[in-house]
J.: 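Supplied in structure tokens, the structure appears directly below.
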Amino acid sequence: MTTIDKTSSVPAPRGSDDFGGPLLEVRDLHVEFHTRDGVAKAVNGVNYTVSAGETLAVLGESGSGKSVTAQAIMGILDMPPGRIPKGEIFFRGEDMLKMSADERRKIRGRKIAMIFQDALSSLNPVLSVGYQLGEMFRVHQGLSKKEAKAKAIELMDKVKIPAAKARVDDYPHQFSGGMRQRIMIAMALALEPDLIIADEPTTALDVTVQAQVMDLLAELQREYNMGLILITHDLGVVADVADKIAVMYAGRIVETAPVHELYKRPAHPYTKGLLDSIPRLDQKGQELYAIKGLPPNLTRIPSGCAFNPRCPMAQDICRTDIPALFPVTERDGGELPGRGSACHFWKETIHG
Ligand SMILES: Nc1ncnc2c1ncn2[C@@H]1O[C@H](COP(=O)(O)OP(=O)(O)OP(=O)(O)O)[C@@H](O)[C@H]1O
Ligand code: SF4
Ligand SMILES: [Mg+2]
């Protein structure tokens, strides 16, 4: 059977990059952690691409390797205990894993910025928000204090913080969770990066605030034509803003698809399980489906398909052979661009 090769990720549906290729291309990335319990294989051959103006959502349960992949891209992995035994991470065609520490530093924050879940611990509690935003401009662009403050106010306006001018000298704890997350977005935007990686940017927020912050992020991403990687364990959050989705399980991408196709017709039993466990308005009162069992211990990933102990469709082959990311097609063989599933029984899953 043919398998999808290293460029298997979903093609960019919109936006193009002056560089000509994808902004970011992760190829066969492996990350492991050497712990007292053994070697935890956190990332086991991840491939994806992100182009300018494109949003990739990375979805998966806790521990599936979403953040570790992001940390490897950003160059902020804990090494040791972390190690990258294999893989390439191309940014504008250059492998960042081969760059010097100095070259990496120039990319971090300026070209690739990251937004974390917890704004309160990412911001310094004893410095005003305006000072922290302004610091980006003072340090990186050599602006004066006054100029940097004006820039900070501009950014606060940009992320729609009401009365920015009056609030620029306030401290982080004086803002609500949603407003603090807007400040984190402003920080990430400050140096107009090409790519933003947002790791669970709205998880700590109320549902309505989540949607507002996500809409803002999507709006700014379009305006700046940035690439965006949105990491989440909540499919509902990314449905309206992502172009394509990569579903991760035990450090591997098990399904890729344009976002709306994934919702309509999942081609992997794990994705199916995730979708069935989302509460739906039309099924009020019904008990929610939950995928049985837990994700594997990464020092002892099951042989064959890592999902086999939890999979309702598992057969003998699933316990021995690791499924490659197979190209997913229509029943008659018609192409479904950008679709892939790492399941021996993807046909049965998508076509029934
Ligand atoms: N510094 C570390 N030392 C040892 N193991 C680590 C370290 N960081 C991550 N890991 C391991 O890597 C695995 C993957 O972690 P990762 O943070 O990528 O998960 P995730 O998909 O982002 O999950 P979550 O949804 O909980 O954020 C974890 O289960 C953990 O065992
Ligand atoms: S390969 Fe087998 S165990 Fe894995 S998801 Fe497919 S059917 Fe389930
Ligand atoms: Mg994480």
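Counting starts at 1 for both ligands and their atoms, following the listed order.
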J.: Within the side chain of Arg339, is there an N or O that forms a donor-acceptor pair under 3.5 Å with the backbone of Val328?
T.: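 No.
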
J.: Among all protein heavy atoms in this structure, tell me which lies nearest to atom 5 (N) of ligand 1, with the distance rounded to 0.1 Å.
T.: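 Going atom by atom, the protein heavy atom closest to atom 5 (N) of ligand 1 ends up being Phe33 CG, 3.4 Å.
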
J.: Check whether any N, O or S atom of Ser67, backbone or side chain, sits closer than 2.8 Å to the Mg ion (ligand 3).
T.: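 Yes - counting backbone and side chain alike, Ser67 has an N, O or S atom under 2.8 Å.
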
J.: Mind listing the closest non-hydrogen atom pair of Met184 and Leu123 along with its distance?
T.: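 Taking Met184 first and Leu123 second, the nearest heavy atoms are SD-CG, 3.8 Å.
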
J.: Strictly by modelled atom types, are Asn297 and Thr299 linked by a side-chain donor-acceptor pair under 3.5 Å?
T.: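 Yes, side-chain donor-acceptor contact under 3.5 Å.
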
J.: For Ser100 and Glu103, which I'm curious about, is there any donor-acceptor pair between the side chains at under 3.5 Å?
T.: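 Yes.
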
J.: Is it the case that more than 12 heavy atoms not belonging to Glu335 sit under 6.0 Å from its CD atom?
T.: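 No, not enclosed.
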
J.: Under 4.0 Å and counting heavy atoms only, is there anything from the protein next to atom 14 (C) of ligand 1?
T.: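 It does: a protein heavy atom is found less than 4.0 Å away from atom 14 (C) of ligand 1.
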
J.: For atom 17 (O) of ligand 1, what's the nearest protein heavy atom and its distance?
T.: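 Result for atom 17 (O) of ligand 1: Ser67 CB, 3.5 Å.
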
J.: Which atoms of ligand 2 are found less than 4.0 Å from any heavy atom of Met313?
T.: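 Answer, ordered by atom number: 7 (S).
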
J.: Write out the residue and atom name of the closest protein heavy atom to atom 12 (O) of ligand 1, then the distance separating them to 0.1 Å.
T.: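 Going by distance alone, atom 12 (O) of ligand 1 is nearest to Ala42 CB, 3.3 Å.
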
J.: Verify, without hydrogens or angle tests, whether Lys66 (side chain) and Gly60 (backbone) share a donor-acceptor contact under 3.5 angstrom.
T.: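 Here the side-chain-to-backbone pair exists.
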
J.: Against ligand 1, does Pro81 come closer than 4.0 Å with any heavy atom?
T.: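 Heavy atoms of Pro81 do come under 4.0 Å of ligand 1.
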
J.: Using a 4.0 Å heavy-atom cut-off, say whether Asp78 meets ligand 1 through its side chain, its backbone, both or neither.
T.: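 For Asp78, the contact with ligand 1 is made by the side chain alone.
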
J.: Considering heavy atoms of the protein only, find what lies nearest to atom 28 (C) of ligand 1 and give residue, atom and distance to 0.1 Å.
T.: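 Sorting protein heavy atoms by distance from atom 28 (C) of ligand 1 puts Leu298 CD1, 4.1 Å first.
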
J.: Evaluate Val68 for polar contact with ligand 1, using N/O atom pairs at a separation under 3.5 Å.
T.: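 Val68 vs ligand 1: N/O contact under 3.5 Å present.
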
J.: Give me the residue, atom name and distance of the protein heavy atom closest to atom 4 (Fe) of ligand 2.
T.: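 Protein heavy atom with the smallest distance to atom 4 (Fe) of ligand 2: Cys305 SG, 2.3 Å.
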
J.: With the threshold set at under 4.0 angstrom, would you say Gly65 reaches ligand 1 through any of its heavy atoms?
T.: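 The answer is yes: ligand 1 sits under 4.0 Å from a heavy atom of Gly65.
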
J.: Taking Arg310 for its side chain and Lys292 for its backbone only, find out whether a donor-acceptor pair lies under 3.5 Å.
T.: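 Confirmed, Arg310 side chain pairs with Lys292 backbone.
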
J.: List ligand 2 atoms under 4.0 Å from Asn308, heavy atoms only on the residue side.
T.: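 So the answer, numbered in order with elements, is 3 (S).
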
J.: Mark up the atoms of ligand 2 that fall under 4.0 Å of a heavy atom belonging to His344, in ascending order.
T.: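 Those qualifying, in numeric order: 1 (S), 6 (Fe).
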
J.: Check for me whether Ser64 has a heavy atom closer than 4.0 Å to any atom of ligand 1.
T.: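 Contact present.
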
J.: Treating Asp243 as the side-chain partner and Thr55 as the backbone partner, does any N or O pair qualify as donor plus acceptor under 3.5 Å?
T.: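 Present.
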
J.: Who's the nearest protein heavy-atom neighbour of atom 21 (O) of ligand 1, and how far?
T.: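 Of every protein heavy atom, Lys66 NZ, 2.9 Å lies nearest to atom 21 (O) of ligand 1.
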
J.: What residue and heavy atom of the protein are closest to atom 8 (Fe) of ligand 2, and at what distance?
T.: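 Checked against all protein heavy atoms, atom 8 (Fe) of ligand 2 sits closest to Cys311 SG, 2.3 Å.
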
J.: Please write down residue, atom name and distance for the protein heavy atom closest to atom 26 (O) of ligand 1.
T.: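 Here the closest protein heavy atom is Ser62 OG, 2.5 Å.
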
J.: Say you draw a straight line from CZ of Phe33 to CZ of Arg83; how long is it, rounded to the nearest 0.5 Å?
T.: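 That separation rounds to 12.0 Å.
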
J.: Will you find, in the side chains of Lys149 and Ser128, an N or O donor that is under 3.5 Å from an N or O acceptor?
T.: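 No.
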
J.: Which residue supplies the protein heavy atom nearest to atom 23 (O) of ligand 1, what is that atom called, and how far is it?
T.: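 Protein heavy atom at minimum distance: Gly63 N, 2.8 Å.
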
J.: From atom 6 (Fe) of ligand 2 out to just under 2.8 Å, does an N/O/S atom of Cys343 turn up?
T.: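 For Cys343, the answer is yes, given that an N, O or S atom comes within less than 2.8 Å of atom 6 (Fe) of ligand 2.
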
J.: Under 4.0 Å, heavy-atom basis, I'd like to know which part of His268 is in contact with ligand 2: side chain, backbone, both or neither.
T.: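 Within the 4.0 Å criterion, His268 contacts ligand 2 through side-chain atoms alone.
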
J.: Between Phe91 and Arg104, is there a cation-pi geometry (under 6.0 Å to ring centre, at most 45° from the normal)?
T.: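 No - Arg104 does not lie over the ring of Phe91 by the 6.0 Å and 45° rule.
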
J.: Under 4.0 Å, heavy-atom basis, I'd like to know which part of Met248 is in contact with ligand 1: side chain, backbone, both or neither.
T.: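 Looking at Met248 and ligand 1, no heavy atom falls under 4.0 Å.
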
J.: Strictly under 2.8 Å, is atom 8 (Fe) of ligand 2 approached by any N, O or S atom of Cys318?
T.: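 Coordinating: no.
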
